[in-house]
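All values reported here derive from a predicted model rather than from experimental measurement. Letters go in sequence order (proteins before strands), and every chain restarts at 1.
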Amino acid sequence: MPESLSARNIVKRYGGVVALSDGNLDVHTGEVVALIGANGSGKSTMSKVINGVVVLDGGQLLLDNNPVHWSSPQAAKNLGIATVFQELSLIPQMTVAENIWLTREPMTAIGTVNRKVLHEKTEELLSLFRGTYKVDLHPDDPIVSLPSDEKQIIEILKAISFDPWLIILDEATASLDSRQVQRLFELVEDWKEAGKAIIFVSHRMEEIFRIADRYSVLRNGKTVGAGDMKDVSEKELVKLMIEKESVFEYIRKDSKNGENEEKPVCLEVKELQTVTLKGINFSVREGELVGIGGLRGQGQRELLHSLFGDVPYSGTVKLFGNGYKFKHPREAMQIGLALVPGDRGREGLLSIRSILDNLQLPSWPRYGFPLRIKKAKRDAEQVGESLNLKMAGLEEPVSSLSGGNAQKVVLGKWLVRKPKLFLLDDPTKGVDVGTKAEIYSLLTQLCDEGKTILFYSSDDEELIGLCDRVLVLHDGIIRTELSGPSLTKENLISASLGVSNGFHPESRTGGTL
Amino acid sequence: GPQATEAPTQPPAPTAPAATEEPATTEEPIESGFTIGISNPFISSEYRTQMIAELIEVNQEYMAADITTELVIESADTDVAGQIQQLQNLMAQDVDAILVNPGDVSGLNATLQEALDQGIIVISVDQELDVPGVYNVGIDQKAWAMESAEWLAEKLGGEGDIVLIEGFPGHPANVARMEGVSEVLANYPGINVLATDTGRWDEATGQQVMSNFLAAYPNLDGYWTQDGMAIGALQAVMAANPAEWPQGVGEGRCQFLNLWEEALTMNPDFDSIAVANHPGVSPTGLRIAVNMLQGKEVDESTLGGANGLSFVLPLAAVITSENLDEGLAMCEGQPDAYLLDNIMTEEEVQQFFVQ
Amino acid sequence: MKRFSVSPPVAALILAIVLFLLSGFLPNSYGSNVDIAIAQATNIVRLAVFLGVIAAGQTLVIISGSEGIDLSAGSVVTLTAILTYVYVSGENDRVLIALLISLGVGAVIGMLNGIGVTFLKVSPFVMTLGMSGVVTGAIIVVNHGTVSGRIAPIMTRLIARPVSPSIPIPGAVVIWLIFGVLMWLLLERTAFGKNLFAIGVNRVTAKLSGVNVTWTNLATYSLAGALAGFGGFLLVGNTGVVHIQLGQPFLFPSIAAVAVGGTLLSGGKGSYWGTMAGAIVLTLITSLLTTMQMPDSVRRMVLGGTLLILISIYGRQRSLRL
Amino acid sequence: MKNRITWDFLMTRYPVFFPLVLLVLSVAINLYLQPNMFQLSTLNSNMRVFLPLILLTVGQAIVLIAGGIDISVGGIVSVVNTILATRVGLEGSSELMWQYVLISLLVGALAGAINGFFIAYLRLQPIITTYATSFLYAGFALFILPNPGGGIPSAIASVYRTSTPLSLPLAFYVIAILLLVWAYVSSTRYGKYLFAVGGKAEAAYETAVPVTLVQFSAYVISGFMAALAGIAITMLSGSGNADIGNPMTLNSITAVVIGGNAFSGGIGGVAGPILGAITLSVIQNIISFSHINTWWETLVKATIIVAALAAPGVINLFRRRRA
Ligand SMILES: Nc1ncnc2c1ncn2[C@@H]1O[C@H](COP(=O)(O)OP(=O)(O)OP(=O)(O)O)[C@@H](O)[C@H]1O
Ligand SMILES: Nc1ncnc2c1ncn2[C@@H]1O[C@H](COP(=O)(O)OP(=O)(O)OP(=O)(O)O)[C@@H](O)[C@H]1O
Ligand SMILES: [Mg+2]
Ligand SMILES: [Mg+2]
C-alpha cells in the first residue's frame, strides 16, 4: 500500500478556462488534508486530476515519490484511490447494491454476480450509517427514489467499499445533516487510525477545524498555502482563500424582532398535509427571515415545494392575505414567490444552456416580443456582479461553472424577478465562505427591503446566525419553534432529534445540553 | 354457400401438371361456393388501390351469382416475412385459390409450394413467378417499354441526347423494361444516352431527378421514363421551361393526360406517348381463377412464359397526340390517379380456355 | 487562448459551397459554364426548400428533448398535400383556406402525438411512428384511389415558378427565407423558444422556473404537425400532383438535415439555420450523386459514407475524459 | 399507497409484466378468431415467420439498454441475405451453408463494429450514425446482389421451415436459448455494465466502467443478432433480395418499446421485447382473421399498436386521477 501521494505544479485547462495553473497537494497515510478554496478555485478539478477522471495539461503526480500517470479512472482506482464526487457518480436506474459494487461485484464460479454476497456486503456497509436514514435503506432500492442526502451516503459507501488507501471527499458533507456529518466524521477518524489518507473538501470552516490535520489552499487554480491546522486560525485561512480580511459576520437582527410584530402576515399555513407532511401550521410576517430546521428528509423540501405549487397538498395556504392553491409553480411566481431548490443539477440548472439563458429562464416573458436581448443581458450581468459570479462570459454554458458559482446562478435567476417571498432550500450548499457572507448580507438586505424569506439549511450555524426564528421539523410536523434566546445550537439539535424543547429524555439524559 | 367445404377443393386435373398427384379426384367439379384469397404486400400506391377496388368489384359479380362466397383480402405494407404470413393466413382460411401480387420474386416460392400441395390454385398477378404450378397473369413488361422507347426514338428521328429515368433498380419489372429500352435503342445509334438515374417509381423523386438533369444538360433532346415518374418529369420540364423542350415519354394515367393538356398551352409543340401498366390484370386474373375453379380446362396453347403457365394480356391503352382526346374522354368521371385500364370480360377470358 | 470554433450551420454551409464548387470538375457537370452552374445551384436550393420546411417541425421536436422526434411528418405531408389538392381543385380563391386546412390538420395530428408523448408518456419515436401508420391508414380509408383535384395556378406561380422573369429565383426559395427568419424569431426571440430549449435540457428545472412543461411540449408537437402540414401544402404546389407516398421520402432526410445542421439530437440545443444548411447539404449530395453515373448500390454507399464523414467532422459529442 | 407501490413495482422491477399481459390478450383474441392456432402446423408456420423479427429485436433491445439505437439492422439483414443467396446458391451443399452462416455472423458483427466504432470511439450520435451506415449496408447488399434472385438449397430452407423437435416449433428452442443466454449475460458483470452505461454514462465512467468498450460491444451484439435474423429470413424465404431487411428496422424498435424497454436506456431486458415482437406479429394475424374491410386494415392495425403503446400511460393517468 502506498504511503503518500503528491501533486506537483498541476496545470489543467477546460478549453479556454484555466481551472488549475499551479496546483500542489501532498497527502500521507493516517492524516486528513483539507483542500480549501473559494468556488471555482479548482478543488474538484484537483480531485479529478488525482483520480484520473481528467487529462493533465501539465505537472506531475507522484506516488511514494515515483511519477505516475493515469490513463483512466480505472488505473487510479486499481491503485486504491477512491472518490466521493461532488456531483455524485451514481446510476439513477440501478439499485443501491448495484451502484456500490459496480465494477467490483462479488462473482460466482460461473461468472455471474453473486447476489447473496452482494446483499450481505451491502447491508454491512449500509449499517455504517444506520440510524441516520429517514427510513431504512435497502440494497434493492433504486437510486432515483432516494433523497439527496441518502444518495450522498451511498456515494460515500461506494467510495469506501473497496478499502482504498486514499479517499477524496469532495464536499461530501454538503448534503448531509448534522447527525450524518457526525457519523461520517467518526468513520473518518476510524479510517485515519486504519492508516488511510483522506482529502477533505468543504466550505464549512467548523468542519475543517474539527477533522483536518493539515490544509492546502487553492486560489484561482494556484496553491497559495499549506500547513498544519494547528498553526492557523480561521481568519488566516479565509484571508488565504479570498485575499480579504474576514467577512465572517452573521448579521443577527435581534433588534428587529419587535419591529416585525406590526408588519402584516404574508404567509399563513394551516393543516398543510402531503405524503410526508402531517399537518403544518405557521405564519410568517413581511420582512421576516424564518428558518426551517431539522434533520434531512423530515419534510422541509416538501414544505417549500408545496408552497411553490410543485407538490400537491391538502390544507390552506394564505399569501398576502388571499387564499391560494397553486397548480403550477408559474402561478406562485406570478404573485411573487421564488424557490431555490436543493438539488441544483437536477432542479435548478439547464446544464448545456448559457448562463444568460439560465438566469433569465423565469423572466423571459417580461422581455416582450421580440425579446429584448440586450436588456436581458444587462440585467443578467448586474445580477452576476452582485453575486460575484466567476464566469468567462454570459454566453458560456452553465456547466462550465464550478459548483458554487453554479449555485449562485440558481439563486440569481430569481433576483432578476424581484420576488416578495423567497423559499430557499439550502441555498448556500457548496458555496464558499466569501460568497456565503455575501449571500447572507443579500438576504438580510432583502428582508430590510420588506421581502420575506423562508429558509431551510442543513447548516445549523447558518440558521442560528441568520434567522429571526427557526421552525424545527421532525417527522412531518413542526416540533418546536425557536427564537430569540431559545435559538441556540443545543436546542436546535435536540429539537431536530425529536426532543421537545427543554426536555432531554432518552439518549441525551447524561449530557449537559 | 351450401357447398362450402372444409376439404381442400380439387383443382382441375390438367392444370396442375407437376405439382400434385391427386389420389382420388372427385368426378363432378365444384361449380360454386369458392373462397378466393388475395395477397398484396404493398398498399401505398394508386396502382394497388385501384387493383384492390377492381378485384372487389369483379368479385361482386360472382358473389351475386353465388359462384364465390368470399374474397379474403390480405393487403398491407409489409415485407417478405409479412407476405409469407399473409399467404399462410389465407391457407389457414381454406381458400380455394390465391391471387398473389408478389413482393419478392422467389422469396415466396416455398410457401406457394405449400399452397399448391394443399391443392390451392395459385395465380401470380402483375409479376411473373418461376414456380412450377403457379400461373402468371400480366402484361409483357418488356414489350410495354419497347412501345414507348420506339416512339421516342422515332420522334427524335433517330438522333439526339437523351436521359433515362428508371424505377427500382433490380426490380424484375424494371429490369425487363430497361432491357426492352436497350434493345430498341440499339437500333438507333444516333441516340446518345447521357445518363440514367432512378426515380424510384415515385413522382417526387422523378421530378427531382429530372430537375437535376435539366440543370446539368440544358440542351437535352429527350427523356424516357415510366409510370408515375413521368408526371414528375413533365412537371420538372414545365417548371424549368427551357428554350427547347425535350421530348418525353408519359404515363397512361389521367393525371398525366391532364398535365399533357396543360403543357400544350405552354408549348404547343410538346408531344408525348402515354402507356399504362394497368391494374386490370388482377381482376382479369380473378376471372381466370374462377373459371379454373369451375373446372374449365386451360388452353395451354394460349399461354407463354418460362413454365408455359403465363397468361399474357394485351396493353390497355396507348395514347399519343392522335388519340389524346379519346384518352381524356376515358378519364371523364375518373379520379386523377386513375390508370387507363382494361378488365377482360367473362367472355373475353374464355379465349384462354378449351371450349 | 481563444478557442477556434465554427458554428455547425456555418460549417455545413461552407461545406455545401465547397462541395458544389468541386462538383464542377465532375464529368457531366457545369464545368466552366457559369450560367449552368447558377441554374444548378438554384435548382438545388429550390429542391432543398421542401426538405427544409418539413425539417422545421422536426427541428422543434428534436430540440424539445426527451428523445423528441416526429416520424409522422412524412405521412402528414402526404395527407395535407392530398387535402390541398382535393380542396383547391384549381381555384385560386380556395388557396388560403387550403393553407389553413393544411396547418390545422397538421396541428391536430401533432397534438395527438403531443398528447401521447406528454400525458401517456409514450416515447416519441414509437408514438409518432404509430401515428404515421394511423395517418397512412386514414389516407387509404378516405381516398382509396379516388383523389380528384388540381392545384391552383397561383400556387404554381408563387411556389414553383421564378419570382419574375428577370429574377430567376423560384418563389419557394423566397418563401423559405422568410420562413427561416420567422423560425429564428420563434426560437431565439420569444419566450416560447426559450422555454422549448429549457424543456429540452431539463424538464424539472424548467417546471420549477415557471415553464409550463406540459403545455410547451404539447404546443411543440402541434406546431411541428402544423409545419409538416405547411410542408405538404408547399410540396403539392411544386409537384402539382399527389400520390400516397408523396411525403414519405422526406421523413428520414428531415432528421438527417437536423443532425447535419448541428442540432443536438438529445435536445436542448440547435438552430433552424443549421437545419436549412443541412437540408441544402443533403439535397446537394443527392443531386451530385444523381449526375454522377454510378450504380445505385455505389450511390447509396457513397451517400452513407458522405453522411458519416460530415457528422464526424462536427457532430462529435463531448468526450467522457476531458 | 401500498397499491401504488405494487403497480410501480410491477412496471419498473418486472418490465416483462405489461408485455406479457398484452401478449396473452392478443393471443386470446387470435385464438378466438383462429381456433386451430395452437395446432403444431399452424403454430410452427407462425413462429417461423416471427423468428427473424424476434432475433432482430433482441439485438435492438440490447443497444437500447446501453443507451443507443441501431437503425442499420435492416441493412445488415440484407447484406447477410445477399451473401447467403449469392455464395451458397440454390445448388449449394450444406457444408457451404455452414461455412457462409459463420461468415455471415462475422460480417454482422463487423458491421456492428463499424457502428460501434463511430458511436463509441468517435462519439457520434447513434440515430444519425446508424442512419448513415444503413445506406452503407443497404448499398453493399445491392452491390452484392443487384437483382433479386439466388437463394439457398430448398432442402436447407425446409429444415428451418418444418423442423419441430419434440413437437414444438424450432423457434421455441431458439427463444429459450436467447432467454437463457440473456439470463446469464444480464447477471454477469458485463450485464451490469450495459445497464450502467445506458443509465448514466458519465457516472459509469467515473466509476471506472469501460464505457466506450461497452457501447461498442452493444453494437457488435446488435450486428450479430441482425446477422442471425438475416440467416433466419433467408431460410424462411429461401431466396435473395437486397431490400429484404429494410422494412424490419422500425418494427424491431416498436417491438422493443412494446416490450417495456425505455428509450432513454438503462432499463428493461430481452424477454419483454421478444414478447413485444410476437405481439406485433399476432396483431397482424388478428387483423387478417377478423375480416375487417381491407381499406380499414392499416388504420385499425396502427390504432391497435398505438393503443398498446399508450396503454401503460392511460393506466397510470387513471391511477393518478384516483390517487
Ligand atoms: N467541465 C468544465 N468545462 C469548463 N470549465 C470547467 C469545467 N469544470 C470546471 N471548470 C472550471 O474550472 C474552474 C475550477 O472548477 P472546480 O470545479 O474545480 O472548482 P471548485 O474549487 O471545485 O469550486 P466549488 O467549490 O464551487 O465546487 C472553474 O472556473 C470552472 O468554471
Ligand atoms: N425527473 C424527470 N426527468 C425527465 N422528465 C421529467 C422528470 N420529471 C418530469 N418530467 C417530465 O416533465 C413533463 C412535465 O412534468 P410535469 O407534469 O410535472 O410539469 P408541468 O406540465 O409543467 O406541470 P403541470 O402538469 O402541473 O402543469 C412530463 O412530461 C414529465 O415526463
Ligand atoms: Mg467543486
Ligand atoms: Mg404535467
**Asked** Are any non-hydrogen side-chain atoms of D/Val73 and D/Ser252 less than 4.5 angstrom apart?
**Response** yes
**Item:** B/Met178 backbone acceptor or donor facing B/Ser182 side chain under 3.5 Å
**Value:** yes
**Request:** Could you tell me which portion of D/Ser288 (side chain, backbone, both or neither) has an atom closer than 4.5 angstrom to a non-hydrogen atom of chain B?
**Result:** both
**Item:** Heavy-atom proximity to chain B below 4.5 Å, by part of D/Gln34
**Value:** side chain
**Item:** D/Pro52 versus chain B, the contacting section by heavy-atom distance below 4.5 Å
**Value:** neither
**Asked** Where does D/Ser45 contact chain B at under 4.5 Å (heavy atoms): side chain, backbone, both or neither?
**Response** both
**Request:** Tell me, out of B/Leu90, B/Val105, B/Ile73, B/Asn89, who's got the most heavy-atom pairs with chain D below 4.5 Å.
**Result:** B/Asn89
**Request:** Report, as yes or no, whether the 6.0 Å neighbourhood of atom CZ on D/Phe50 holds more than 12 heavy atoms from other residues, nucleotides or ligands.
**Result:** yes
**Message:** Taking the side chain as everything from C-beta on, heavy atoms only, tell me whether B/Thr78 gets closer than 4.5 Å to D/Pro247.
**Reply:** no
**Largest heavy-atom contact set with chain D, pairs under 4.5 Å, which of B/Val72, B/Asn109, B/Asn174, B/Thr111** = B/Thr111
**Request:** Before giving the answer on side-chain contact (heavy atoms from CB on, under 4.5 Å), spell out for D/Ile286 and D/Ser26 the whole-Å C-alpha distance, their side-chain angles and the decisive distance to 0.1 Å.
**Result:** CA-CA 8 Å; D/Ile286 293 176; D/Ser26 44; 3.9 Å; yes
**Top contributor to chain D interface from B/Ile43, B/Val175, B/Ile52, B/Leu108 [non-hydrogen pairs under 4.5 Å]** = B/Ile52
**Prompt:** For B/Gln86, is it the side chain, the backbone, both, or neither that has a heavy atom closer than 4.5 Å to a heavy atom of chain D?
**Reply:** neither
**Fill in**
From the list D/Val80, D/Val77, D/Leu236, D/Leu55, side chain to side chain contact (heavy atoms under 4.5 Å, CB included) with D/Ile231 holds only for D/Val80
**Prompt:** Between D/Tyr131 and D/Phe135, how do the two ring planes meet: parallel, tilted or perpendicular, split at 30° and 60°?
**Reply:** perpendicular
**Most chain D-contacting option - heavy-atom pairs closer than 4.5 Å, from B/Gln93, B/Gln83, B/Glu74, B/Gln88** = B/Gln88
